[in-house]
2 protein chains.
Amino acid sequence: MARTNPDFMTGVPELLILRLLTEREMYGYELVQAIETATGEAIKVGEGVVYPILHALEKQGCLSARRKPVNGRTRVYYTATAAGKKRLGVLITEWQRITDAVSNLVAGSVHGHA
Amino acid sequence: MARTNPDFMTGVPELLILRLLTEREMYGYELVQAIETATGEAIKVGEGVVYPILHALEKQGCLSARRKPVNGRTRVYYTATAAGKKRLGVLITEWQRITDAVSNLVAGSVHGHA
DNA sequence: ATCTATACCTCGTATTTAGAGGTATTATGC
DNA sequence: GCATAATACCTCTAAATACGAGGTATAGAT
């Protein structure tokens, strides 16, 4: 149901975070803006979404964290581990599978077979 | 649910159902299989997903229903109304916005701007 | 001195997929 | 004739998770 529009967002923040952290080290607050920027404002996620995912992925061993004091503030930098990259691969495969199927159907041919 | 991987499925069943019912009249049990077939086995949704959505969309005026007895069994056929088609349009726009953004990022250019 | 931006965090709510379970009729296999 | 599968409808509970609000604290700008 979805009041006015559904989300199509389940799993997307996790996918984007893993993707970005495969390129380079980043901290939570930075990721919030990086996602906004990298998607051309199309996708925006709040800190309430980012931090829990970061913590969960770290606990799963998909991310490694290191604290780094910068100008009196403390930043926690995250990077994707080998496990994280592997997981990203799984997520991308899954993403392709779903989006290809939906896009096909939406595009036109609703007529069974391939 | 997705104990290891997330789903990327939020809103997808609703989108697919509206899409299929824009083409032709169908009943719940039929939709369950139609989705499986039309997506080439890529996406499967159970009756526990389809029926609640059907009822919700009907209540919202997006679908019209008519009961039709067939061989002693009763089928409830649904079709997309004008409101339903309008809603489908909104969903597709949203779908494009999200998937374009994600696919872009996944594909490669993580480098800010357009 | 005040307000905004940076930087971390948690909690509660709402949404919604998935699966199990329930009823009832028809078709199929033995 | 009898059991099992397929058809066809339905509901409920559990689990996951995005979102927003709220909370702390420091640095920079007005």
Side-chain angles (χ1 to χ4, degrees), chain A residues 1-18 25-37 39 42-60 63 65-78 91 94 98 102, chain B residues 1-18 25-37 39 43-60 63 65-78 91 94 98 101-102:
Chain A
M1 323 209 238
R3 264 229 173 6
T4 45
N5 22 340
D7 273 330
F8 302 126
M9 281 293 289
T10 347
V12 168
E14 185 182 349
L15 174 60
L16 296 182
I17 287 170
L18 274 170
E25 194 179 48
M26 279 174 128
Y27 54 97
Y29 193 79
E30 188 184 6
L31 276 163
V32 171
Q33 294 154 200
I35 290 175
E36 196 172 324
T37 307
T39 61
I43 296 176
K44 302 184 188 184
V45 292
E47 299 170 50
V49 172
V50 169
Y51 288 114
I53 291 177
L54 250 17
H55 300 154
L57 286 176
E58 188 196 359
K59 183 147 51 179
Q60 290 164 33
L63 297 179
R66 74 184 176 98
R67 324 188 112 259
K68 192 174 165 189
V70 179
N71 297 350
R73 287 197 218 78
T74 306
R75 292 180 182 166
V76 187
Y77 281 87
Y78 294 89
L91 293 186
E94 195 70 0
I98 305 290
V102 173
Chain B
M1 265 299 101
R3 54 161 37 56
T4 47
N5 11 343
D7 273 332
F8 302 126
M9 282 292 291
T10 344
V12 168
E14 185 181 349
L15 174 60
L16 296 182
I17 288 170
L18 274 170
E25 194 179 47
M26 280 174 128
Y27 55 97
Y29 193 79
E30 188 184 7
L31 276 164
V32 172
Q33 294 154 198
I35 290 174
E36 197 172 324
T37 307
T39 61
I43 296 175
K44 302 183 187 187
V45 291
E47 300 169 49
V49 171
V50 169
Y51 288 115
I53 291 177
L54 250 18
H55 300 153
L57 287 174
E58 188 196 0
K59 183 146 53 179
Q60 290 164 31
L63 297 178
R66 75 185 176 97
R67 325 189 112 260
K68 191 173 163 189
V70 178
N71 297 350
R73 289 197 217 79
T74 305
R75 291 180 183 166
V76 186
Y77 281 89
Y78 294 89
L91 293 187
E94 195 70 359
I98 304 290
V102 174

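The figures that follow rest on heavy atoms only: side chains count, while hydrogens, waters and symmetry mates do not. In what follows, chains are A, B, ... by sequence order, proteins preceding strands, each numbered from 1.
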Atom-to-atom span, [atom1] of [X] to [atom2] of [N] - whole angstrom:
X	N	atom1	atom2	answer
B:Tyr78	D:dA8	OH	P	14 Å
A:Leu15	D:dA18	CG	P	11 Å
A:Tyr77	C:dC8	OH	P	8 Å
A:Leu54	C:dA7	CG	P	14 Å
B:Tyr27	D:dC9	OH	P	7 Å
A:Lys59	C:dT10	NZ	C1'	13 Å
A:Met26	C:dT6	CE	C1'	15 Å
A:Ile98	C:dA18	CD1	C1'	14 Å

query = Want to settle it: does B:Gln33 or A:Gly48 sit nearer the 5' end of DNA chain D, counting the closest nucleotide to each?
reply =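 The residue mapped nearer the 5' terminus is B:Gln33.
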inquiry  = Over all strands shown, is B:Val76 touching base, sugar-phosphate only, or nothing at heavy-atom distances under 4.0 angstrom?
reply    = sugar-phosphate
task = Using a 4.0 Å heavy-atom cut-off across all strands, classify B:Glu47 as base, sugar-phosphate, or nothing.
result =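 Base contact.
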inquiry  = Can you identify which nucleotide, out of C:dC8, C:dA18, C:dT10, has its nearest atom closest to the B:Met9 side chain?
reply    = C:dA18
If the cut-off is 4.0 Å, is [X] near the phosphate of [N], judged by side-chain N/O to OP1 or OP2?
X	N	value
A:His55	C:dC8	no
B:Tyr29	D:dC9	no
B:Tyr51	D:dC10	no
A:Arg73	D:dA27	no

inquiry  = Any carboxylate oxygen within less than 4.0 angstrom of a Lys/Arg side-chain nitrogen, looking at B:Arg66 and B:Glu25?
reply    = yes
ask   = What pairs with A:Tyr78 under side-chain hydrogen bond (donor to acceptor under 3.5 Å, both in side chains), at least two apart in sequence or on another chain?
value = none
